[in-house]
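Beneath this line is the structure, given in structure tokens, with notes to follow.
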Amino acid sequence: RVSSSYPHKFNISLTVEEFISKFNGITYEIDDSITVSLAGRIMVCRYAGNKLCFYDLIDNGERLQVKFIEKHYESETLYRNHVDTLRRGDIIGVTGHPGISKTGELSIIPKIIEILAPCKRTLPDPYYGIKRDDTRHRQQYLDLLMHRNSRKRLQIRTQIIRFIRQYLDNRDFLEVETPILHHLPGGAIAQPFSTYHNDLHLPLYLRVAPELHLKMLIIGGLNRVYEIGKNFRNEALDSNHSPEFTMCEFYMAYSDYYDLMTIVEDLLISLVDSIYSTLVINNLNKSSDKNNISDINFTKPFKQIKFIEELERILNIELPDEFESLETNVILCNLCDSNNVICTEPRTTDKMLDKLFQRFVEPTLWNPTFVIDHPQIMSPLAKHHRIVNGVSERFELYVCGFEIANAYTELNDPEIQRFMFERSCNNDRIDEEYLRALDYGLPPTGGCGLGIDRLTMILTGSSSIKDVILFPKYRPQTL
């Protein structure tokens, strides 16, 4: 019988997955001594004459055939009412008996049907799915309904976050939550989103990074801390960037960037092995050629290259040792112009180094590669190198041409930190609260930020960051 739509509750005795697990392998057409209740969404309807029809019921990604037979209803009228009422997309509750079809397919033969929520719009074609990317992203609920790969990506993302959390917890890191609303946009050089607190009459910013708060916790005696959460940057929106993105940042007292390289390498190797049971995985290339597939090898040890040495090697040049000199700036300007590398004004040395590295070096970094020892001018929060002048103790980890991690031995001298702040940002964006905290003493510390979204892209073969985050940003449509 078909009851009225939108009931408050439907009691299930088994999920579809549990039903399949319990009754898979049965050989009888129907066992009316066993009655079960389950629920799901009708995704496919198949009619075999006036007295028999089949529906594919989907629940949490699992499919089960529902076999409707007239003879199991009290009358032809009830059966016809049932068949005429149900539509593809409806969410239904089924109470019935386990059995098989003539082809041997496991089925449930219903005796009672309830419509739990009718589908009032037409679902996309089950064979072709959704072709337009913007439709998939705007209506992500349809994407998850129609495409198993989209569900799989989401599940792998959850696995990644769960594994990272467990990995750090097992090494005595304390998970914390720091503020989203900041007085100043500190911790990274980025354009922030701004808001206003009415009660405090105070302009505020959505955080661009939790770094400064986490280091203040180190100062407060919490020697190992981490946070997994959202950051917000009012900047580029493309296949590799989202205005809101998820990061894991962790900080470890009495360590340096060498220790962090060891941790990050071991973390990623363990993570990949836990998901795929191998350290060599396939990944679609970022190019438009979908048949261009290349393996990614996470086998230890990861390759290491030095920032300036690799840039000089690829460009076949030799840069001056003094990165802050006018000579270096002129050379970099000429390199950008001669190679059509777009770098907007002001053409600072650190910005041009970054643009040239993005153009010429990043695309060559396919397998996991640590890029180490960036120029100090590019790293205002990193400590200077203990041996080499002009560079910092910093590394970035690249995979498939993506930067997925950024870490350094933290700068803990408050006077040098103030100088670096003054050189890299406006005076009204210098975080005096953080500098005051540094005066109390930050122990030698290593800190790392790991991008969850890009890591998920790599481990799921996704070509766009919008494929691995839920409900990515688009301009609203007129409906």
Side-chain angles (χ1 to χ4, degrees), residues 133 136-137 143 147-168 228 230-231 236-242 244-250 260-305 357-358 361-372 395-407 448-470 472:
D133 284 343
R136 288 197 305 109
H137 297 143
D143 183 35
H147 303 129
R148 292 182 65 90
N149 285 343
S150 296
R151 293 179 57 88
K152 184 63 176 177
R153 281 194 295 266
L154 177 60
Q155 290 166 345
I156 290 178
R157 179 190 174 94
T158 300
Q159 280 183 266
I160 290 169
I161 294 173
R162 183 184 297 123
F163 185 92
I164 292 172
R165 179 173 278 117
Q166 183 180 33
Y167 183 95
L168 294 173
I228 299 175
K230 292 283 191 182
N231 294 340
L237 181 64
D238 56 34
S239 62
N240 300 334
H241 298 85
S242 173
E244 57 177 303
F245 57 97
T246 304
M247 291 283 291
C248 171
E249 292 206 15
F250 61 93
L260 296 181
M261 272 190 271
T262 301
I263 291 174
V264 170
E265 183 179 69
D266 181 64
L267 169 60
L268 289 185
I269 289 173
S270 303
L271 171 63
V272 172
D273 185 61
S274 74
I275 296 174
Y276 293 108
S277 299
T278 179
L279 297 181
V280 181
I281 65 174
N282 288 333
N283 193 301
L284 285 173
N285 197 310
K286 290 186 295 179
S287 71
S288 59
D289 181 5
K290 298 299 183 184
N291 295 318
N292 187 3
I293 299 176
S294 179
D295 289 340
I296 309 172
N297 191 337
F298 284 89
T299 304
K300 187 177 181 178
F302 293 174
K303 182 180 177 182
Q304 289 188 20
I305 60 174
F357 193 86
Q358 287 179 17
V361 182
E362 286 184 10
T364 69
L365 307 178
W366 183 257
N367 285 320
T369 303
F370 287 117
V371 177
I372 66 173
F395 74 78
E396 293 176 307
L397 177 63
Y398 285 83
V399 185
C400 299
F402 292 137
E403 174 213 336
I404 64 169
N406 183 25
C448 179
L450 181 63
I452 301 297
D453 306 312
R454 288 185 180 177
L455 180 57
T456 306
M457 287 177 64
I458 292 163
L459 296 187
T460 58
S462 304
S463 59
S464 172
I465 197 170
K466 293 177 181 178
D467 290 331
V468 299
I469 59 178
L470 292 174

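Values below: all heavy atoms of this structure, side chains included; hydrogens, waters and symmetry mates excluded. Please read all numbers here as calculations on a predicted model, not as lab measurements.
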Any side-chain heavy atom of [X] within less than 4.5 Å of one from [Y]?
X	Y	value
Leu267	Phe163	yes
Tyr167	Leu271	no
Pro472	Ile465	no
Ile305	Leu365	yes
Val264	Phe250	yes

Would you give the length of the straight line joining atom [atom1] of [X] to atom [atom2] of [Y], rounded to the nearest 0.5 angstrom?
X	Y	atom1	atom2	result
Asp295	Trp366	CG	CH2	9.5 Å
Phe245	Asn231	CZ	CG	4.5 Å
Ser274	Ile160	OG	CD1	9.0 Å
Leu279	Ile281	CG	CD1	9.5 Å
Asn367	Thr299	CG	OG1	8.5 Å
Met261	Gln304	CE	CD	4.5 Å

Acceptor/donor pairs from residues 451-460 side chains to any protein atom, 3.5 angstrom cut, sequence neighbours excluded:
{"from": "Asp453", "atom 1": "OD1", "to": "Arg157", "atom 2": "NH1", "distance (Å)": "2.6"}
{"from": "Asp453", "atom 1": "OD1", "to": "Arg157", "atom 2": "NH2", "distance (Å)": "3.0"}
{"from": "Asp453", "atom 1": "OD2", "to": "Thr246", "atom 2": "N", "distance (Å)": "2.8"}
{"from": "Arg454", "atom 1": "NE", "to": "Asn240", "atom 2": "O", "distance (Å)": "3.3"}
{"from": "Arg454", "atom 1": "NH1", "to": "Glu403", "atom 2": "O", "distance (Å)": "3.0"}
{"from": "Arg454", "atom 1": "NH2", "to": "Asn240", "atom 2": "O", "distance (Å)": "3.3"}
{"from": "Arg454", "atom 1": "NH2", "to": "His241", "atom 2": "NE2", "distance (Å)": "3.1"}
{"from": "Thr456", "atom 1": "OG1", "to": "Ile452", "atom 2": "O", "distance (Å)": "2.7"}
{"from": "Thr460", "atom 1": "OG1", "to": "Thr456", "atom 2": "O", "distance (Å)": "2.6"}
{"from": "Thr460", "atom 1": "OG1", "to": "Ser462", "atom 2": "OG", "distance (Å)": "2.8"}

Any pair with a residue in residues 268-279 that passes salt bridge (charged side-chain N to carboxylate O under 4.0 Å, His left out), sequence neighbours left out, goes on the list, sorted by first then second residue, please. none

Under the salt bridge (charged side-chain N to carboxylate O under 4.0 Å, His left out) rule, what pairs show up with a residue in residues 262-272, not counting sequence neighbours? Arg171-Asp266

Minimum-distance pair of heavy atoms, taken over all atoms of [X] and [Y]:
X	Y	value
Leu397	Phe395	N-CD1, 4.2 Å
Ser242	Leu237	CA-CD1, 4.3 Å
Pro368	Val399	CA-CG2, 3.9 Å
Glu249	Gly449	CG-CA, 3.9 Å
Leu260	Ala407	CD1-CB, 3.9 Å
Ser239	Ser463	CB-O, 3.9 Å

Which word best sums up how the rings of Phe302 and Phe370 line up, parallel for under 30°, tilted for 30 to 60°, or perpendicular for over 60°? tilted

Listed by chain and number, what are the side-chain hydrogen bond (donor to acceptor under 3.5 Å, both in side chains) partners of Glu244, not counting sequence neighbours? Lys473

Applying side-chain hydrogen bond (donor to acceptor under 3.5 Å, both in side chains), can you list everything that pairs with Arg151, at least two apart in sequence or on another chain? Asn60

Assess the residue pair Leu168 and Cys248 against the criterion (side-chain contact (heavy atoms from CB on, under 4.5 Å)); give the C-alpha distance rounded to whole Å, side-chain angles, the decisive distance to 0.1 Å, and a yes or no. CA-CA 10 Å; Leu168 294 173; Cys248 171; 3.8 Å; yes

Passes side-chain contact (heavy atoms from CB on, under 4.5 Å), Val361 versus Val371? Steps please. CA-CA 10 Å; Val361 182; Val371 177; 5.7 Å; no

Evaluate the criterion side-chain contact (heavy atoms from CB on, under 4.5 Å) for residue pair Asp133 and Lys466; output intermediate values, then yes/no. CA-CA 9 Å; Asp133 284 343; Lys466 293 177 181 178; over 6 Å; no

Arg165 meets the salt bridge (Lys or Arg N to Asp or Glu O under 4.0 Å) criterion, sequence neighbours left out, with Glu175

Other residues, nucleotides, ligands: >12 heavy atoms within 6.0 Å of Lys303 NZ: no

